Amino acid sequence: MAVDPVIRIACMTTAAFALWVAPVAAAGVSRDDARRAAVRASAQTCEAVHWCAGYGVVSARRCRRARDQTVSCAMWFLTARDDRCRGLVSVKRARGGRLDVGMAVPMNCAGATPPKL
């Protein structure tokens, strides 16, 4: 049975990467821009996997900036059993002003039973 490449990429442990053009900012990525990118990536991934019943991303002020100017925002997917499957979306400004977005989530959130927040 072949697995759709979009689903395979969305569920990889290390990351699913997406690039799109964004205006160039002098100081890298703002927390607001990082959160918007995280919401977009989470929504696209949730649509691509059958077990996802919803998603959420922390507020922009809770996103964290690393020394290399990468901004990371915690996120979660909701399963049909109302379990939360936690992950992280990292956003960095690449050359040419593009946003480099990486998502790290468990391979299969459908089988996980993480603790409730």
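Here the structure is a predicted model, which means the values were calculated and not measured.
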Next item on the list: Look at the side-chain heavy atoms of Ile, Leu, Val, Met, Phe, Trp and Tyr, link any pair under 4.5 Å apart, and say whether Val39 and Leu88 land in one connected group.
Entry: no
Note to self: Hydrogens and angles aside, do Ser72 and Ser90 bring a side-chain donor and acceptor to less than 3.5 Å of each other?
What the structure shows: yes
Notebook entry, point to check: Cut-off 3.5 Å, side chains only: do Gln44 and Arg40 have a donor facing an acceptor?
Noted result: no
Any side-chain heavy atom of [X] sitting closer than 4.5 Å to one from [Y]?
X      : Y      : answer
Thr79  : Arg84  : no
Met103 : Ser42  : yes
Val91  : Asp100 : no
Val58  : Met75  : no

Margin query: Looking at every heavy atom in both Ala41 and Val101, which two are closest together, and how far apart are they?
Written below: CB-CG1, 4.1 Å
Note to self: Tell me the closest heavy-atom pair linking Arg35 and Val57, and the distance in Å.
What the structure shows: NH2-O, 3.4 Å
Checklist line | Intermediate values then yes/no, side chain to side chain donor-acceptor pair (under 3.5 Å), Thr70 and Asp68 | finding: CA-CA 6 Å; Thr70 299; Asp68 69 351; 2.9 Å; yes
Margin query: Does the structure place the NZ or CZ of Arg86 under 6.0 Å from the centre of the six-membered ring of Trp76, at an angle of no more than 45° from the ring's axis?
Written below: no
Note to self: Does the SG of Cys85 lie under 2.5 Å from the SG of Cys109?
What the structure shows: yes
Could you grab the distance from atom [atom1] of [X] to atom [atom2] of [Y], nearest 0.5 Å is fine?
X     : Y     : atom1 : atom2 : answer
Thr45 : Phe77 : OG1   : CZ    : 4.5 Å
Lys92 : Gln69 : NZ    : CD    : 8.5 Å
Arg62 : Cys73 : CZ    : SG    : 10.5 Å

Item checked: Carboxylate-amine/guanidinium contact Asp33 Arg36, below 4.0 Å -> yes
Next item on the list: Assess whether side chain to side chain contact (heavy atoms under 4.5 Å, CB included) is satisfied between Arg64 and Val71, documenting all intermediate values.
Entry: CA-CA 5 Å; Arg64 300 289 177 235; Val71 179; over 6 Å; no
Item checked: Expected output: side-chain Arg65 to main-chain Val29 donor-acceptor under 3.5 Å -> yes
